[in-house]
Amino acid sequence: MDAKKLIASRVAQELKDGDVVNLGIGLPTLIPDYLPTDVHITLQSENGFLGMGPLEGEPLPDLVNAGGKACGMVPGTAFFDSAMSFAIIRGGHVDATVLGGLQVDQEGNLANWMVPGKMIPGMGGAMDLVTGAKQVIVAMEHATKDGGAKILKRCELPLTAAGKVTAIATELAFFRFIDGQLVLTETAPGVSLDEIRAKTAADYVVSPDCHAMKLS
Amino acid sequence: MDAKKLIASRVAQELKDGDVVNLGIGLPTLIPDYLPTDVHITLQSENGFLGMGPLEGEPLPDLVNAGGKACGMVPGTAFFDSAMSFAIIRGGHVDATVLGGLQVDQEGNLANWMVPGKMIPGMGGAMDLVTGAKQVIVAMEHATKDGGAKILKRCELPLTAAGKVTAIATELAFFRFIDGQLVLTETAPGVSLDEIRAKTAADYVVSPDCHAMKLS
Amino acid sequence: MHTEKQIERSAIRKHLHDGMSIMFGGFLGSGSPKGIIQEILDAGIKDLTIIGNDTAMPDTGIGVLVSAKRVKKVITSHIGTNAETGRQMIAGEIEVELVPQGTLAERIRCGGSGLGGVLTPTGVGTLVEEGKTKLSFDGVDYLVERALRADLAILKAHIADEKGNLVYRRAARNFNPLMALAADFVAVEADSIVAPGEIDPDLVMTPGILVDALILSGEC
Amino acid sequence: MHTEKQIERSAIRKHLHDGMSIMFGGFLGSGSPKGIIQEILDAGIKDLTIIGNDTAMPDTGIGVLVSAKRVKKVITSHIGTNAETGRQMIAGEIEVELVPQGTLAERIRCGGSGLGGVLTPTGVGTLVEEGKTKLSFDGVDYLVERALRADLAILKAHIADEKGNLVYRRAARNFNPLMALAADFVAVEADSIVAPGEIDPDLVMTPGILVDALILSGEC
């Protein structure tokens, strides 16, 4: 299983039947493929609807996701304007948001919207999502392409939101914030505690229940 | 012409074709009867619609005015929620609001929502209307039943809003606030300047153009 | 057809308790859920804080709870149509917080939207500004009006689908869509309940994820 | 059928001038009025401040105005899909104010609603809080985010009636209904224009009184 699929598969286990979920672009969009058949989630799209589904057949007029791509919708979909979309997001009506990260730290801070002087795409809806969603799950590769740590003592890049991350899923490990502390709860198949320690700059504790990920 | 009809008739002259108007309960609801045939206004109802018309035929389900009474609607009516209703009111999208007053003063202050210890109905939508409408026209009898002045130097009753009144229409006179000053611009038929002065406690100037009301 | 969201009217009772706060849709009774209000009355709960546009009349809408002395506090814009609310207020039997109607709408909207409050010019220079933070921008004074939430919202819709998507009719919409965002539990009385997909997704006025319980109206 | 509100596309030019601020509906081009944007491009006005969710792509939606260097300042939540906006920003040719998407929506809504601003938790502890008033209630920090207005709003609707009542379709709604409130002049491009009364009053998404000019879309 490649890194992205492994991460998507693990994050899927965090979602419960009936959850309202906003998935960031890229890796998070793979997650629905890994949901058990008895878990039905409602996808929120920040451009203004609840009930997003995969594209089936020809694109329909004005039916696009937050990445501007044609998509589908399920029976019982509801469209609304951007103020309502973010009332839902900021107001705690989204059970989980899953999004990528450039850096995450042991305080639950996330940085994923700019690299000063290099890449400044803007925060889009990410700051509201990370501030308002009940669960904030960062789904990302464990280290940078150069092998540098992305899970840090303290983010160096500008923050998306302070202290809001609830879990981190990588191809090596699954961490959860428990009572404000970063806790390693699962290791990926074949990955040792030492390898995770070596590739993680943050201070964290290893859960007494720490075990290997169960992947479907 | 009785006092109420005279006032309604005069206020009708303040409204221009195309105006969006919110009319308070009571006297102001008479105003549409006195509009010239080439003046069409759109009535805003603060319970959530634009396009209110008179009841024609049987009451329709859920079609009621802000007084809870069955009403009608014109072609091109739009319904919305209370937040949108007051976005329209507070946001300056209503050209004129016409409402009754307990007291008005020379600073443009209006008091019409409570008499401490006696009558405390609440402000309903009046504070937003008086704060947000482009024109705030107070339509009321000139004096209290006991003959006491209602147009004062300074309101004694709790204010509805401060400094927002743009005109006052009574059965004796028409006043306009011009550059922050209360100006008597018209007298009702057969009413003398002396009578108005005697029944008005506020300081005001008589416009050099002051003339008798032209009523249809 | 029953779904997880559709419940019998009496099942609302397990969500009721003394001292709770209840937001109710409606404007002089139009858009208020009569059946749910009757159930609350029959359940006998008391010391309620009720939040809504007005207290209707003594024998209509939410007014019946006031008349039965179940209400400890009202947060509302207008009580002039219900003499009993006024009588209880003057007698000191009920606490009344009067809020300008547009401000009430915004405070409820904030409560449901994760916003702490709004800055409104309404109420500046009046009794309403007492005790409130004032901010001034570009020469205009604003009051900071804070978010409002409740334990329970009771709403009236014309059509619901089984997922809880709602359509309101005419002037019965009023505060209902705002309150759908702002309470821990949201119960809706609907004139009809249809299958998901029967309401055009563009025409949904309240998304179903905000609704916890659907009750079929006895009337319609 | 022509009404007072319906105008030829070119008639929008009399409302255009150098240095003006323009709010544009749309999300990555979906819900942006292509015909009006083309007219603005053809009119040759410059030094514009544009306000909207994103700058689309260099050759789509509002992006064409950026590519043609007509824009002095952008207030937006995202420019990542338009490399030309990023290039001009880094070269110092364009000023970019980045605003969280939900905050942008609220700021525009405030501008159109007579509200001075809102209190949002979004951005607390980030670069976004720089220079802003912070208020704390019940242990939560909020930023005071201020109202935003523009000289002109350019919107895209699916159906309009001759009074200006609008219906949007699917995800093309986005910022359009908010901007309809928040500009001195509101111009709408619609796929079709029907007689008043043909849109059910419950289904109107933007009331006609907010709309100044209607332009029939060339496409449909």
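Model, not experiment: these values are computed from the prediction. In what follows, chains carry the letters A, B, and so on, assigned in the order in which the sequence lines appear, proteins first and then strands, with residues in each chain numbered from 1.
Between chain A and the options C:L203, C:V204, C:D161, C:D200, heavy-atom pairs under 4.5 Å are most frequent for C:V204. Of the listed residues (C:G208, C:P207, C:A182), the greatest number of heavy-atom pairs within a distance under 4.5 Å of chain A belongs to C:P207.
Going from atom OG1 of A:T42 over to atom CD1 of C:I209 covers 7.5 Å, rounded to the nearest 0.5 Å. Taking CG of A:L50 as the reference point, atom CG of C:L210 lies at 8.0 Å (rounded to 0.5 Å).
A 6.0 Å sphere centred on CD1 of A:I25 holds no more than 12 heavy atoms belonging to other residues, nucleotides or ligands.
Taking non-hydrogen atoms and a 4.5 Å limit, the residue list of residues 81-99 of chain A in contact with chain C, ordered by number, reads A:A83, A:M84, A:F86, A:A87, A:I88, A:R90, A:G91, A:H93. Among residues 114-123 of chain C, the residues having any heavy atom closer than 4.5 Å to a heavy atom of chain A are, in sequence order, C:G114, C:L115. Within residues 56-76 of chain A, the residues that have a heavy atom under 4.5 Å from a heavy atom of chain C are A:M73, A:V74, A:P75, A:G76, listed by number.
Applying the ring pair (Phe, Tyr, Trp, His ring centres under 6.0 Å) rule to pairs touching residues 57-82 of chain A yields A:F49-A:F79, sequence neighbours excluded.
Only the side chain of C:N165 has a heavy atom closer than 4.5 Å to any heavy atom of chain A.
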